[in-house]
Amino acid sequence: MTGLLDLSIAELGKGFRDGSVSPVAVTEAALERIEATNNTLHSFNTVTADLALARAAAAEKELASGTDLGPMHGVPFGVKDIYDTAGVLTTCQSHLRSEFVPDANAHSVQLLLDGGAVMLGKCATIEFATGGPTEETFFPPARNPWNLDHIPGGSSSGSGAAVGVGITRMALGSDTGGSIRGPAALCGTVGMKPTYGRVSRRGVFPLSYTMDHCGPLSWSVEDAAITMNVIAGFDPLDPASADVPVPDYTASLTKGVAGKKIAFVEHWIEEEGTADPEAVKAIHTALDVLRAEGAVVETVQLSPYALYQACARLLVLPECYAIHEHDLIERPELYGRPTRERLMAGAFVRGSDYVEALRVRRELAIEVNNVILGQYDALIAPCSVVTAGRFDSLGDDPMKLSGMMTQPFNVTGSPAMSICTGYHSNGLPLSMQIVGKAFDEATVFQVGAAYEAATEWRKHRPSMLAARAAAAE
């Protein structure tokens with residue numbers, strides 16, 4: 001049973017179609033791993049075991065009869081608990097929505113289900129995708145599968161933990177300031193934030209209308225590319241959706257990086273000031289790997305990281321306050337303290353500051369999209385320059401995730417992917433970001449796949465798997 005969960009999405013698909021692997025057996029293995037880990041890991045809020053087994057059985061029969069719905073047919077997946085799921089509790093981790101059961105699926109969930117994928121349930125998040133990990137929320141916060149005393153990152157925390165521990169090869173997340181890439185970085189997975197407008201956000205509870213992105217957390221670059229082939233595309237009912245052709249993201253995965261020009265933003269690490277030397281060394285080692293594979297890597301200068309960060313905050317804070325204003329006034333006690341305080345801060349952002357942030361955002365987007373990526377094929381930047389912090393060190397500020405440097409590419413809307421660059425001496429994962437031109441996720445995947453193929457990081461899994469298996473015996 002355990003070996004089934006080590007198979008990639010592509011390997012599962014091949015096995016499902018030649019009859020050597022059973023979708024029902026894979027789903028049973030995933031559910032067994034949830035049961036074995038969820039009391040301590042808390043990666044899932046709601047497990048839809050009966051629905052998953054029924055869908056897996058249907059997929060098995062369909063594939064055996066020659067009905068093929070696509071590359072995710074029969075493949076299990078998890079869903080961040082801010083995505084609507086028809087008939088399934090959707091809480092946003094909040095007491096405010098403790099009984100909310102939507103009538104329809106979020107668009108991307110529906111695309112996966114239409115493609116025969118098997119939903120295992122709803123993954124933990126941070127309340128309304130903001131604030132921080134806290135016991136004040138409706139469900140307990142997810143923990144890091146590499147060390148349960150450490151945070152998994154936010155806000156797609158359960159998705160990162162579930163993929164990291166091997167329950168599923170892919171889980172859906174959302175990213176407003178790094179909420180896909182952060183958990184991916186801290187849990188050692190791949191986290192793909194597509195271009196703004198590439199994946200529909202319809203049916204996903206909003207945090208910031210102008211900054212929200214939806215995408216997958218996965219164990220490998222290939223898993224993410226296959227998922228994006230299913231969920232990417234124009235949705236006329238999402239006002240931000242872009243009517244842009246979608247390529248086959250798997251087509252370039254084996255092309256390598258020979259001759260590719262890659263920019264590296266090194267000065268952000270120096271400006272951040274709290275970077276762990278091992279995290280910095282891992283990024284430089286990763287760049288050496290890309291050079292050895294034939295890429296040309298050059299250091300470039302962008303605007304200070306603090307400017308991108310300030311711009312992001314001045315946009316997100318008033319937008320999320322506007323979304324929550326009524327409930328903050330009428331039912332503030334139903335929010336956890338970190339969430340309530342983060343949301344209320346948006347009430348104090350002046351309209352003139354918001355407008356100025358919009359202006360600066362455009363300038364920063366031009367800087368990255370036209371100037372830098374006009375000269376290079378991709379950009380490497382730090383993702384997190386520290387490892388996951390401990391729960392007991394968060395103190396009075398559980399919102400803080402120091403060392404995360406993801407916000408610039410929500411500001412620019414560029415596709416950006418977190419990828420594992422190895423492991424710290426403390427056993428926790430390290431990371432970097434690969435950034436591409438607008439709507440050029442394919443090159444991001446190409447660079448990531450080349451790096452992944454040249455390293456052995458995907459062979460490592462958290463030790464808690466062995467611990468849980470021993471306990472089960």
For a quick test of your reading: what N or O donor-acceptor pairs under 3.5 Å do the side chains of residues 98-106 make, sequence neighbours left out?
| from | atom 1 | to | atom 2 | distance (Å) |
| --- | --- | --- | --- | --- |
| Ser98 | OG | His95 | O | 3.4 |
| Asn105 | OD1 | Ala86 | N | 2.8 |
| Asn105 | ND2 | Gln110 | OE1 | 2.8 |

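- The number of heavy atoms from other shown groups lying within 6.0 Å of CG (Asn39) does not exceed 12.
- The shortest heavy-atom contact between Leu41 and Ala161 is CD2-O, 4.0 Å.
- Using modelled atom types, one finds no donor on one side chain facing an acceptor on the other under 3.5 Å when comparing Ser174 with Asp212.
- With a 6.0 Å cutoff to the six-membered ring centre and a 45° limit on the axis angle, Arg461 does not count as a cation-pi contact of Trp146.
- Residues Asp276 and His424 have side chains that bring a donor and an acceptor to within less than 3.5 angstrom of each other.
- Formation of a donor-acceptor pair under 3.5 Å by the Glu127 side chain with backbone atoms of Gln93 is not found in this model.
- His324 and Phe205 have tilted rings, their planes meeting at an angle from 30° to 60° on a 0 to 90° scale.
- Contact record, Leu217 with Ser159: CD1-CB, 3.9 Å, taken as the closest heavy-atom pair.
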*asked:* Assess the residue pair Ser220 and Asp223 against the criterion (side chain to side chain donor-acceptor pair (under 3.5 Å)); give the C-alpha distance rounded to whole Å, side-chain angles, the decisive distance to 0.1 Å, and a yes or no.
replied: CA-CA 5 Å; Ser220 71; Asp223 292 337; 3.0 Å; yes

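- Of all the heavy atoms in Asn38 and Ser43, the pair that sits closest is OD1-N, 3.0 Å.
- Judged by distance alone, the side chains of Glu222 and Thr250 never bring a donor and an acceptor atom under 3.5 Å apart.
- Using bins of under 30°, 30° to 60° and over 60° for the plane-to-plane angle, the ring pair Tyr423/Trp457 lands in the perpendicular bin.
- Judged by a 6.0 Å distance limit and a 45° cone about the ring axis, Arg143 is positioned over the six-membered ring of Phe391.
- Here the OG1 atom belonging to Thr421 is positioned 11.5 Å from the NE2 atom belonging to His284, to the nearest 0.5 angstrom.
- In this structure, Cys420 and Ser431 have side chains that are not in contact, with every pair of non-hydrogen atoms separated by 4.5 Å or more.
- Under the 3.5 Å distance criterion, with hydrogens and angles disregarded, no donor-acceptor pair is assigned to the side chains of Thr67 and Glu62.
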*Report the C-alpha distance between Ser22 and Glu60 in whole Å, list the side-chain angles of each, state the deciding distance to 0.1 Å, and finish with yes or no for side chain to side chain donor-acceptor pair (under 3.5 Å).*
CA-CA 7 Å; Ser22 159; Glu60 193 160 315; 2.6 Å; yes

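- A heavy-atom distance below 4.5 Å is found between the side chains of Leu394 and Pro133.
- Side-chain N or O atoms of Arg33 include one that pairs as donor or acceptor with a backbone N or O of Gly166 at under 3.5 Å.
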*Does the pair His42 and Phe139 meet the rule for a side chain to side chain contact (heavy atoms under 4.5 Å, CB included), with working shown?*
CA-CA 8 Å; His42 304 302; Phe139 289 102; over 6 Å; no

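- For the residue pair Thr85 / Thr90, a side-chain donor-acceptor distance below 3.5 Å is found, with atom types taken as modelled.
- The local environment of CG in Asp50 is sparse, with at most 12 non-hydrogen atoms from other residues, nucleotides or ligands closer than 6.0 Å.
- Smallest separation of non-hydrogen atoms from Glu28 and Leu53: CG-CD2, 3.7 Å.
- With values rounded to the nearest 0.5 angstrom, Asp327 atom CG is found 9.5 Å from Arg97 atom CZ.
- Using a cutoff of 4.0 Å between basic side-chain nitrogens and carboxylate oxygens, Lys122 and Asp81 are scored as salt-bridged.
- The side-chain heavy atoms of Ile9 and Pro71, taken from C-beta on, include no pair separated by under 4.5 Å.
- Between the side chains of Asn410 and Arg181, at least one donor N or O sits under 3.5 Å from an acceptor N or O.
- Panel note: side chain Tyr196, backbone Val411; no donor-acceptor pair is recorded below 3.5 Å.
- For the side chain to side chain contact (heavy atoms under 4.5 Å, CB included) test, residues two or more places apart in sequence or in another chain that qualify with Val246 are Arg198, Ala232, Tyr249.
- Considering only heavy atoms from C-beta on, Pro415 stays 4.5 Å or farther from Pro194 through its side chain.
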